[in-house]
Amino acid sequence: MDQLQYRTNATDSGLFAFIADWLGVRQRAGRSFVVIGAQVTANQCTFSNERLAPAPLPHAPPPSCPPKPREQALREGAKINAALARVVAKFPDRAQLLIPADIFCGETCATVKDGTWLYLDVGHFNVVGSRYAITRAQPMLVDLLRN
């Protein structure tokens, strides 16, 4: 599987030109791509790495963190998701856009599940969060692979 890693500001139009070029160069019969949109962040949380470590101190639980409203997550990722949608539209038969808020969130986007944090820091899932996201994405991914 090809992986694309390009770090830049979300407003940098060079990123989107790069993605479009990358998809165009990799055109082959039967090959399709999933472009993953803006990450659902936990920027409403206060992180304490000492408390979120694999073996947190039992006498001091991690701080509470409310779930993020789905609409807020969509607003926060709207610019990058709209730009990626324009890129994907250039390749309608070969590329699909996966919006993380669509799979990760119901009415709200969880930060804690069954008492366990889903994030390592503001913008990265931990192992539990990654498994949670993939489990929720599985039906969409299976459908994509079948079609």
Side-chain angles (χ1 to χ4, degrees), residues 1-26 31-91 94-146:
M1 171 186 289
D2 285 328
Q3 292 186 3
L4 170 65
Q5 292 187 355
Y6 180 92
R7 295 189 181 272
T8 187
N9 185 316
T11 60
D12 181 359
S13 62
L15 167 66
F16 305 106
F18 177 78
I19 293 170
D21 290 346
W22 188 84
L23 289 171
V25 166
R26 282 155 181 79
R31 194 174 216 194
S32 60
F33 300 89
V34 175
V35 176
I36 299 175
Q39 169 71 21
V40 176
T41 64
N43 55 2
Q44 78 280 14
C45 302
T46 301
F47 286 84
S48 170
N49 291 336
E50 295 80 17
R51 301 295 178 244
L52 294 174
L57 299 173
H59 64 278
S64 65
C65 178
K68 176 179 284 192
R70 181 180 189 277
E71 292 306 316
Q72 181 182 349
L74 289 171
R75 276 193 312 275
E76 290 173 356
K79 282 185 180 180
I80 193 164
N81 289 336
L84 290 172
R86 288 191 302 274
V87 171
V88 167
K90 294 179 181 183
F91 306 93
R94 289 188 309 280
Q96 275 194 306
L97 178 60
L98 185 147
I99 305 292
D102 289 343
I103 58 159
F104 190 72
C105 308
E107 286 185 30
T108 61
C109 309
T111 53
V112 176
K113 186 72 174 162
D114 300 327
T116 303
W117 277 63
L118 302 176
Y119 286 84
L120 182 62
D121 57 35
V122 170
H124 296 93
F125 293 132
N126 59 21
V127 172
V128 174
S130 296
R131 287 181 175 163
Y132 177 76
I134 290 299
T135 299
R136 291 183 58 97
Q138 186 174 2
M140 180 185 198
L141 295 172
V142 168
D143 184 56
L144 177 72
L145 292 171
R146 286 186 178 151

Option from Leu98, Leu84, Val87 for which side chain to side chain contact (heavy atoms under 4.5 Å, CB included) with Val35 holds: Leu84
Would you say the side chain of Cys65 lies within less than 4.5 Å of the side chain of Tyr119, judging by non-hydrogen atoms? no
Quick one: side chain to side chain donor-acceptor pair (under 3.5 Å) partners of Asp102, sequence neighbours excluded? Arg70
For Gln39, enumerate each residue passing the side chain to side chain donor-acceptor pair (under 3.5 Å) test, keeping only those at least two apart in sequence or located in another chain. none
Supply the atom-to-atom distance Lys68 NZ to Thr111 OG1, rounded to the nearest 0.5 angstrom. 10.0 Å
Can you give me the closest heavy-atom contact between Ile103 and Ala137, atom names plus distance? CD1-CB, 3.3 Å
Cys105 side, atom SG; Ile99 side, atom CD1 - distance, nearest 0.5 Å: 11.5 Å
Can you find a pair of side-chain heavy atoms, one from Asn43 and one from Glu76, that are under 4.5 Å apart? yes
First locate atom CG of Asn81, then atom CG of Leu97, and finally report the distance between them rounded to the nearest 0.5 Å. 6.0 Å
Measure the acute angle between the ring planes of Phe104 and Phe125, then classify it against the limits of 30° and 60° as parallel, tilted or perpendicular. tilted
Nearest 0.5 Å, please: how far is CG in Leu74 from CD in Gln72? 10.5 Å
Measuring only between side-chain heavy atoms, which start at C-beta, is Pro100 closer than 4.5 Å to Ile36? yes
